[in-house]
Amino acid sequence: MADSPIRVRFSPAPTGYLHVGGARSALFNWMYAQRTGGTMVLRVEDTDADRSRPELIKAIHDNLAWLGITWDEEYLQSDRFDQYRAAAQDFLDRDLAYRCDCSQDDVKARFEASGEQGGYDGHCRDRNVQPGEGVVVRFRTPDSGVTAYDDIIRGRVEFDNATLEDFVIVRSSGVPLFHVANAYDDLDMGITHVVRGEDLVNTVPRVLLLRQAMLGPDRQDTPPPVFAHLPLIVNEKRQKLSKRRDDVSVGDYAARGYLPEAMRNYLLTLGWGPRDGGEEIRPIEELVAQFDLADINAAPAFFDVKKLDHFNAEYIRALPVEEYIERVQPFLEDTDVGPIDPDLFGRMAAFVQGRVRLLSESASFLDWVVGEPREPSEKDWNKVMGNSEEKLAMTGNVLDRVAERLADCDWTPEALEAVVFGVGEELETKTQMSVRMALSGARSGIPLFEPMAELDRHVVIGRLRAARAKL
RNA sequence: GCCCCCAUCGUUCAGUGGCCUAGGACACCUGCCUUUCACGCAGGCAACACGGGUUCGAAUCCCGUUGGGGGUGCCA
């Protein structure tokens with residue numbers, strides 16, 4: 001893989017399951033690495049001991065693997081605390097940082113009293129605070145000038161240094177904050193492209209300032225990484241997808257019967273489209289071949305589950321039927337009508353495959369074959385069976401006659417079709433709908449005669465008679 | 001409040017000064033196919049937020065307005 005100097009990284013914090021936004025960031029990094037033959041680094045940013053949950057790292061691995069996203073190197077920031085601390089100490093030694101014993105309440109109170117700009121006011125800059133309880137380390141930001149960078153998606157972004165507060169780089173617990181870890185690792189790991197969500201843009205000046213400080217006066221010509229801040233993925237209210245109110249867990253989508261290829265392909269259409277303007281649903285290799293960070297949109301994109309569903313349905317239909325059967329297995333065990341016999345499903349699979357949007361919907365097409373007919377709504381029942389004397393009488397005739405003929409015909413789909421349609425010709429009416437309703441309790445579904453042949457003769461006749469009685 | 005970003009059909013991507021009476025896809029609507037549904041096919045609806053510039057010419061460049069969003073932690 002690593003035959004080009006490009007190095008990208010995906011840096012999740014293990015504070016929750018992988019969500020679609022994170023997956024999209026990982027995916028775009030991966031796409032770029034694939035395209036350029038670069039190296040993909042997975043860097044777990046677990047510097048917040050209170051919120052990080054190590055057991056989630058495995059889940060992140062699994063979700064990424066599910067999506068087919070691979071990585072070449074992996075690091076855990078908690079393994080590298082000593083290095084970050086050393087960097088912070090070096091800042092202290094060089095007077096680029098200082099200790100501060102202001103409580104968060106103090107900082108807030110002074111900010112409110114001043115009515116001026118937000119954040120920390122530099123109170124401890126020259127107080128020469130010594131190490132101790134409740135003491136943090138703050139980075140001394142420049143009071144004037146501008147920190148700017150060129151975003152490959154957004155163009156030049158500038159920040160007035162005067163608006164940057166002296167931010168905390170080491171907690172009172174002695175554990176460094178993510179800015180330091182981030183700046184240190186990107187430098188140390190030789191990251192060339194930082195591709196991540198737009199919500200991180202305003203951490204750039206801080207990270208850049210830290211990086212310059214780490215580089216020292218002699219190495220200032222070391223170029224910063226190329227930044228690419230991906231547009232946010234938003235909900236229908238145009239807000240950033242949130243774990244609390246939106247469906248964002250990649251694992252949940254997997255559990256609901258989405259195919260990873262479909263999810264991956266769909267995610268790629270959010271903020272990006274193939275350069276050649278061709279189909280958006282296509283093999284990942286074709287998409288990789290024309291992927292470029294510079295082509296990514298800057299505007300937020302709505303996560304449209306309907307469109308995702310369409311992608312998923314397309315991908316399901318495109319599967320060879322054997323593969324569809326294999327992939328659907330996990331969804332056959334725990335259904336509303338109990339486990340579905342794999343052999344039966346195998347025989348019906350081709351009919352089901354073309355009709356589902358989610359793998360998990362598959363079983364519902366066979367509910368009446370495995371269990372009892374559904375309870376139809378009155379509206380559906382009337383619509384099919386008739387809402388006039390005349391129509392009801394006809395339906396009764398159909399049901400009677402079909403039940404009669406079924407008593408001693410061959411029990412094959414072809415024979416059943418011949419009986420049902422034969423009655424229709426005799427009575428000069430359509431017969432499939434009423435038979436379907438009698439047997440399945442639904443107006444629509446997979447073709448009728450094949451599943452019908454799976455049922456026992458007496459069951460079919462029983463259902464026809466029961467429906468007749470209900471007319 | 002302050003900082004930063006964004007602005008083409010309902011949605012998404014295209015369009016980088018003339019090829020735009022703005023194109024594709026999803027969604028929606030209509031028909032065709034089919035003794036169900038789905039698929040497929042044909043067609044339809046539907047957008048350059050607003051106001052100023054720049055220019056022979058602006059969806060495309062600049063400024064402003066409005067609207068939306070993100071950030072503003074000893075979270076990442």
Side-chain angles (χ1 to χ4, degrees), chain A residues 11-16 22 45-48 50-52 100 102-104 107-108 111 115-120 134-138 151 153-155 157-160 162-165 167-179 181-182 196-205 229 231-232 234 236-240 266 269-281 295 297-304 306-311 313-314 317 351-357 365 384 417 420-421 424-425 429-433 435-437 440 442-448:
Chain A
S11 315
T15 54
E45 306 218 327
D46 55 347
T47 55
D48 185 344
D50 293 339
R51 297 202 313 154
S52 290
C100 166
C102 297
S103 71
Q104 293 183 69
V107 173
K108 200 176 163 198
F111 157 52
E116 294 277 315
Q117 62 186 48
Y120 181 69
V135 172
V136 300
V137 178
R138 288 185 182 272
D151 195 297
I153 296 172
R154 279 151 223 287
V157 182
E158 299 187 342
F159 296 85
D160 225 327
T163 64
L164 263 32
E165 61 176 317
F167 55 93
V168 176
I169 55 176
V170 182
R171 298 170 167 92
S172 55
S173 66
V175 178
L177 268 104
F178 83 100
H179 301 106
N182 213 275
R196 30 123 84 152
E198 190 197 339
D199 47 343
L200 270 339
V201 259
N202 37 33
T203 70
V204 174
H229 286 95
L232 254 21
V234 298
E236 63 288 338
K237 290 164 75 182
R238 304 251 115 207
Q239 293 164 324
K240 179 167 95 158
Y266 175 66
T269 67
L270 262 25
W272 181 79
R275 223 181 185 170
D276 60 15
E279 295 290 314
E280 46 189 7
I281 297 182
D295 292 336
N297 248 0
F302 169 56
F303 191 80
D304 187 351
K306 275 192 178 172
K307 188 151 178 175
L308 205 211
D309 285 349
H310 169 76
F311 273 48
E314 292 266 313
R317 279 196 296 273
F351 305 126
V352 178
Q353 182 180 10
R355 271 160 257 260
V356 292
R357 280 147 46 244
F365 281 90
V384 172
E417 177 171 349
V420 173
F421 282 2
E425 278 170 35
T429 186
K430 291 187 177 175
T431 52
Q432 194 204 145
M433 283 297 273
V435 173
R436 174 183 290 280
M437 178 58 82
S440 73
R443 293 176 53 196
S444 63
I446 57 174
L448 183 59

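Lettering of chains follows the sequences in order, A, B, ..., and the numbering in each one begins at 1.
Spacing of C1' atoms, B:rC13 relative to B:rG18, comes out at 24 Å, to the nearest Å. Nucleotides B:rU30 and B:rC20, compared at atom C1', are 27 Å apart to the nearest Å. Remark: the separation of the C1' atoms in B:rC32 and B:rG23 is 26 Å, to the nearest Å. B:rG70 sits 31 Å from B:rA59 when the P atoms are compared, rounded to a whole Å. Taking atom C1' in both B:rG68 and B:rC75, one finds a spacing of 25 Å when rounded to whole Å. On the C1' atoms, B:rG71 is 26 Å away from B:rU12, given to the nearest whole Å. Nucleotides B:rU8 and B:rC50, compared at atom P, are 11 Å apart to the nearest Å. B:rC61 and B:rC19: their P atoms are spaced 16 Å apart (whole Å).
Judged by distance alone with a 3.5 Å cut-off, no donor-acceptor contact links the side chain of A:Thr269 to the base of B:rC13. For a distance-only test at 3.5 Å, the side chain of A:Arg317 fails to qualify as a donor-acceptor partner of the base of B:rC39. In the interface, the side chain of A:Arg355 is paired with the base of B:rC37 through a donor and an acceptor atom under 3.5 Å apart. Taking only distance into account, the side chain of A:Arg443 never meets the base of B:rU36 through a donor-acceptor pair shorter than 3.5 Å.
In this structure B:rC2 sits in a base pair with B:rG71, meeting the Watson-Crick or G-U test at under 3.5 Å. Both distances falling under 3.5 Å, in either a Watson-Crick or a G-U wobble arrangement, place B:rA49 opposite B:rU65. Pair check for B:rC9 finds none; no Watson-Crick or G-U wobble contact set falls under 3.5 Å. Nucleotide B:rC41 is matched to B:rG31 when pairs are restricted to Watson-Crick or G-U wobble geometry with both distances under 3.5 angstrom.
When rounded to the nearest whole Å, the span between CD1 of A:Ile169 and P of B:rG73 equals 17 Å. With rounding to whole Å, A:Phe302 atom CZ is found 19 Å from B:rA7 atom P. A:Gln432 has its CD atom 10 Å from the C1' atom of B:rU34, to the nearest Å. Going from atom CG of A:Leu448 over to atom P of B:rA38 covers 16 Å, rounded to whole Å. Atom pair A:Asp50:CG and B:rC75:P shows a separation of 8 Å (rounding to whole Å applied). Per the geometry, CD belonging to A:Glu198 stands 10 Å off P belonging to B:rA7, to the nearest Å. Note: CD (A:Glu45) to P (B:rC75) measures 14 Å, nearest angstrom. Between the CG atom of A:Asn202 and the C1' atom of B:rC4 there is a distance of 6 Å, given to the nearest Å.
Base engagement by A:Pro447 is indicated by at least one non-hydrogen atom pair under 4.0 Å involving a base atom. Among the heavy atoms of the strands lying under 4.0 Å from A:Gly354 are primed sugar atoms or P, OP1, OP2 only; no base atom is included. Using a 4.0 Å heavy-atom criterion, one finds that A:Thr15 contacts no nucleic acid atom at all. Counting any heavy atom pair closer than 4.0 Å across all strands shown, A:Glu158 reaches sugar-phosphate atoms only and no base atom. In this structure, A:Val136 reaches the bases: a heavy-atom distance under 4.0 Å links it to at least one base atom across the strands shown. Among the atoms of the strands shown, only primed sugar atoms or phosphate atoms (P, OP1, OP2) are found under 4.0 Å from some heavy atom of A:Arg154. If you check every strand for non-hydrogen atoms under 4.0 Å, A:Asp309 touches nothing. Residue A:Gly278 is classed as having no contact, given no heavy-atom separation below 4.0 Å to the nucleic acid. Using a 4.0 Å heavy-atom criterion, one finds that A:Asp46 contacts no nucleic acid atom at all. Nucleic acid contact class of A:Arg436 (heavy atoms, under 4.0 Å, all strands): base.
A donor atom on one side chain and an acceptor atom on the other are found under 3.5 Å apart for A:His229 and A:Arg196.
When the side-chain nitrogen and oxygen atoms of A:Lys237 are compared with OP1 and OP2 of B:rG69, none of them lie within a distance under 4.0 Å.
In this pair, A:His179 and A:Phe167 present their aromatic rings tilted. The plane angle is within the 30 to 60° band.
When distances are taken from the side chain of A:Leu177 to each of B:rU35, B:rG69, B:rC75, the shortest belongs to B:rC75.
Residue A:Asp160 is the one, among A:Leu200 and A:Asp160, whose nearest nucleotide of RNA chain B lies closer to the 5' end (criterion: closest heavy atom). Summary of the strand contacts: A:His310 and A:Lys430 both lie near RNA chain B, and taking for each the nucleotide with the nearest heavy atom, the more 5' one is attributed to A:His310.
Under 4.0 Å is where a charged nitrogen must lie from a carboxylate oxygen, and between A:Lys430 and A:Glu425 no such pair does. Ionic pairing of A:Arg51 and A:Asp48 is present here: one or more N-O contacts between side-chain nitrogen and carboxylate oxygen are shorter than 4.0 angstrom.
Remark: ring of A:Trp272 not stacked against base of B:rC13; the cut-offs of centroid gap under 5.5 Å and plane tilt under 30° are not jointly satisfied.
A cation-pi contact, defined as under 6.0 Å to the ring centre and within 45° of the axis, is absent between A:Arg355 and A:Phe365.
Rounded to the nearest 0.5 angstrom, A:Met433 CE and A:Leu448 CG are separated by 10.5 Å. With rounding to the nearest 0.5 Å, the separation of CZ in A:Phe159 from CG in A:Leu164 is 8.0 Å.
Put simply, the side chain of A:Val136 reaches to within 4.5 Å of the side chain of A:Ser172, judged on heavy atoms.
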